[in-house]
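Just below is one structure, and these are the notes that go with it.
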Amino acid sequence: MNMSVEHGAREARPSREAGEARVPGRWTNVLRRTLATRRVVIGLCGIALLATMAWLGPLLSPWELGERDTPPFLRPPSPEHWWGTDAIGRDVFVDTMVGLRKSIVIGLLVAVLSTCIAAVVGGFAGYFLGATDRVLMWITDLALVLPSFLILAIVSPALRDRGWLVFVILLAAFMWMVTAKMVRGMTMALKEREYVLAAHYMGVPAWRIIFGHIIPNMSSLLVVDATINVSAAIITETSLSYFGFGARGSDVSLGSLIAEGARSATTHPWLFVFCTGLLVVLVLAVNLVGDGLRDALDPQSNHRY
Amino acid sequence: MGRFLARRMVSYAVLVVLATTFAYLLAASTLSPRVNYEEHSPQPTEEQVDRRLDELNLNDKTPLAERWFEWATGVARGDFGATVTGTSVNEELERRVWVSLRLVTVGTVLGSAIGVGVGAYAAVRQYRAFDRVSTVAAFLLLATPPVVLAISLQVLATTFNDAVGARVFVFNGESTLGLDAGFWGTLWDRVAHMILPTLALALPQFAAFSRYQRNMMLDVLGSDFVRTARAKGLSRRDALLKHALRTAMIPTVTYFTFTFGVMMAATTFTEKIYNWNGMGSWVVDSIDNQDVHAVAAVSCFMAVCFVVASFLSDVLYAWLDPRIRVG
């Protein structure tokens, strides 16, 4: 990529102005590359727009969450109800915005959590190898083989009263496996590098090498993966809520709205189209960011969209 | 190579056993079949309920270990126990397995084969129209949850049927009930019922595989060995198919295993939405009915499917990558 060529050229140049000229650091570089990738910018704008809508939208609307309008119900979109009303007279716009809010928050939290688990499990397995590796990889394989949807569906109604944070932990518990395997592979390669060996011989404890040297060195992989996990988490949450297995009983989420709207998708399209559309746009924006970041952060990739 | 695969087989078998046991323990300790009797009228006495539950080995008053032991000895003999209504899980299993397998196999094969083909071709034609169209399509499909995709296909089919004024697409159940149209008529009826659910399963697979294969192919296309293949006089077609695609498919084969898990979950939604009585819809139904043994049986089935997919990808990997063959 031209970036590295530029970098090489800068290093090769005799450093006449060394000390004055600031060589951009790794993160400045990453930021520049990221902003130069159009997909990432479009995706980020999309997410920002949706988030603003989700948090400010209900404030602008004259209707409150759960407030019911008088019959006739199922009114089509109008200046009064921007996105119509549902079968019991609730404002669809406000409901959808609140559901969107929940989807965004759950997606972000689950992704961060599951990527952390993956980094720790993969890092430890790859660094220590031997028995630690075998045990951790067994757990990983077992979690991969277990039908996660089924487990989530059984467990989440039982934990419904504990609130949605428990639900976030549950979702994360079934999303870290693939990343953990990748992290393990990369750790085994990084382990042989000079700076890791140097730290090792200087007597730095293993856990500090893992958290201080190994994991920061694959931060780009982790960032990309966290982004991909955001969309995976949103999709899983939607699917669970669709079947009524979401953790939040009476609460709205995009999944529960889609489940309600699906039944009347042909007769009352506004119940189905808006929440589904927003969900697709949200996941699309997150995917664009993830895909763009992968190219921006991977020095070997050739401009691929 | 034989030993390598044999070793993998053993560890996969252990994984299936562990996964099934775990699912059983989880279901047995969380679901309560007793709830099913609460709404019976006349209300059965507690002893009656206990006796019935004891018969089915579902009584939550028996210690979990004891129940598990009885269930496990049954499974070891090939008997998955009884459902909450007292019928045999095995019979239900036999009926449903083929329904799901038909859907999963056709969906996976179609989706991944077309995905790999389209992805590889898109890489060869990078930035041309074909590439752009397939990329946009893949991105849109990847952003659509399987539930939404299945419902949207249904809505589109209904609109289409209404517009044409005939039932071109059917999307309810596996076959028309009580149809008597001879062998070919029945076959056609089944195929017609399969179209939409298979599409709903195959499209996300297609999207994931085409994106992945395109990236892998782009990595390979610029490499020295493809240029060497061309330089030594191979035609462009041969160089691309035999050298580039074959190498680019190695990572995709590993990827196959990971997408398979997602695919199994998608089967659940598809079957439920299209009213197929397969394993996937059984998941939802059995949890709703607090059916512990059915849940365990479905978990076992899904674990076996996952393991078979992993094993297949091991075999394919070994076949594609000459370096692996030693194990």
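The sequence lines fix the lettering, A, B, ..., with proteins before strands; numbering per chain opens at 1.
Across R227(B) and G222(B), no two heavy atoms sit closer than the pair NH2-O, 3.5 Å. Scanning both residues, T96(A) and L257(A), for their nearest heavy atoms gives CA-CD1, 3.5 Å.
Defined by atom type and a distance below 3.5 Å, a donor-acceptor pair is present between the side-chain atoms of S253(A) and S241(A). Side chain to side chain, T115(A) and D225(A) fail the donor-acceptor criterion of an N or O pair below 3.5 Å.
Residues of residues 297-305 of chain B lying within less than 4.5 angstrom of chain A, judged on heavy atoms, are V298(B), S299(B), M302(B), A303(B) in numerical order. Contact residues of residues 175-186 of chain A toward chain B are V178(A), K181(A) (heavy-atom distance under 4.5 Å).
Taking the six-membered ring for Trp and thresholds of 30 and 60 degrees, Y24(B) and H293(B) have nearly parallel ring planes, at less than 30 degrees apart.
With a threshold of 4.5 angstrom between heavy atoms, D288(B) approaches chain A through side-chain atoms but not through N, CA, C or O. Both the backbone and the side chain of L15(B) come within contact range of chain A, each with at least one heavy atom under 4.5 Å from a heavy atom of that chain. If you measure heavy-atom distances from F269(B) to chain A, the contacts under 4.5 Å come from both the backbone and the side chain. Proximity to chain A is limited to the side chain of I273(B), based on heavy atoms less than 4.5 angstrom apart. Residue contact with chain B, scored on non-hydrogen atoms closer than 4.5 Å, is absent for S231(A).
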- Going through the distances and angles, do L271(A) and E260(A) end up as a side-chain contact (heavy atoms from CB on, under 4.5 Å)? CA-CA 8 Å; L271(A) 289 181; E260(A) 270 174 48; over 6 Å; no
- Output, in order, the C-alpha distance, side-chain angles, deciding distance and verdict of side-chain contact (heavy atoms from CB on, under 4.5 Å) for Y242(A) and S256(A). CA-CA 5 Å; Y242(A) 177 84; S256(A) 65; over 6 Å; no
- Report the C-alpha distance between E271(B) and S100(B) in whole Å, list the side-chain angles of each, state the deciding distance to 0.1 Å, and finish with yes or no for side-chain hydrogen bond (donor to acceptor under 3.5 Å, both in side chains). CA-CA 8 Å; E271(B) 284 182 8; S100(B) 283; 2.6 Å; yes
- Would you sort out whether L26(B) and I151(A) count as a side-chain contact (heavy atoms from CB on, under 4.5 Å), showing the intermediate values? CA-CA 8 Å; L26(B) 191 73; I151(A) 308 280; 3.4 Å; yes
- Could you please spell out the steps behind the side-chain contact (heavy atoms from CB on, under 4.5 Å) verdict for V226(B) and S223(B)? CA-CA 6 Å; V226(B) 176; S223(B) 61; 3.8 Å; yes
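Residues forming a side-chain hydrogen bond (donor to acceptor under 3.5 Å, both in side chains) with S114(A) (at least two apart in sequence, or on another chain): N229(A). For Q205(B), there are no side-chain hydrogen bond (donor to acceptor under 3.5 Å, both in side chains) partners two or more places apart in sequence or in a different chain.
The pair R125(B)-D131(B) fails the salt-bridge criterion, with no side-chain N (NZ, NE, NH1 or NH2) lying under 4.0 Å from an Asp/Glu carboxylate O.
Atom CE of M217(B) and atom CD of Q126(B) lie 11.5 Å apart (nearest 0.5 Å).
Ranked by heavy-atom pairs shorter than 4.5 Å toward chain A, the options V295(B), V155(B), V307(B), I287(B) are led by I287(B). Between chain B and the residues L288(A), L284(A), L282(A), the most heavy-atom pairs under 4.5 angstrom are made by L284(A). Ranked by non-hydrogen atom pairs under 4.5 Å with chain A, the options V148(B), L31(B), I151(B) are led by I151(B). The candidate with the highest count of non-hydrogen atom pairs below 4.5 Å against chain B, out of L279(A), T276(A), L144(A), is L144(A).
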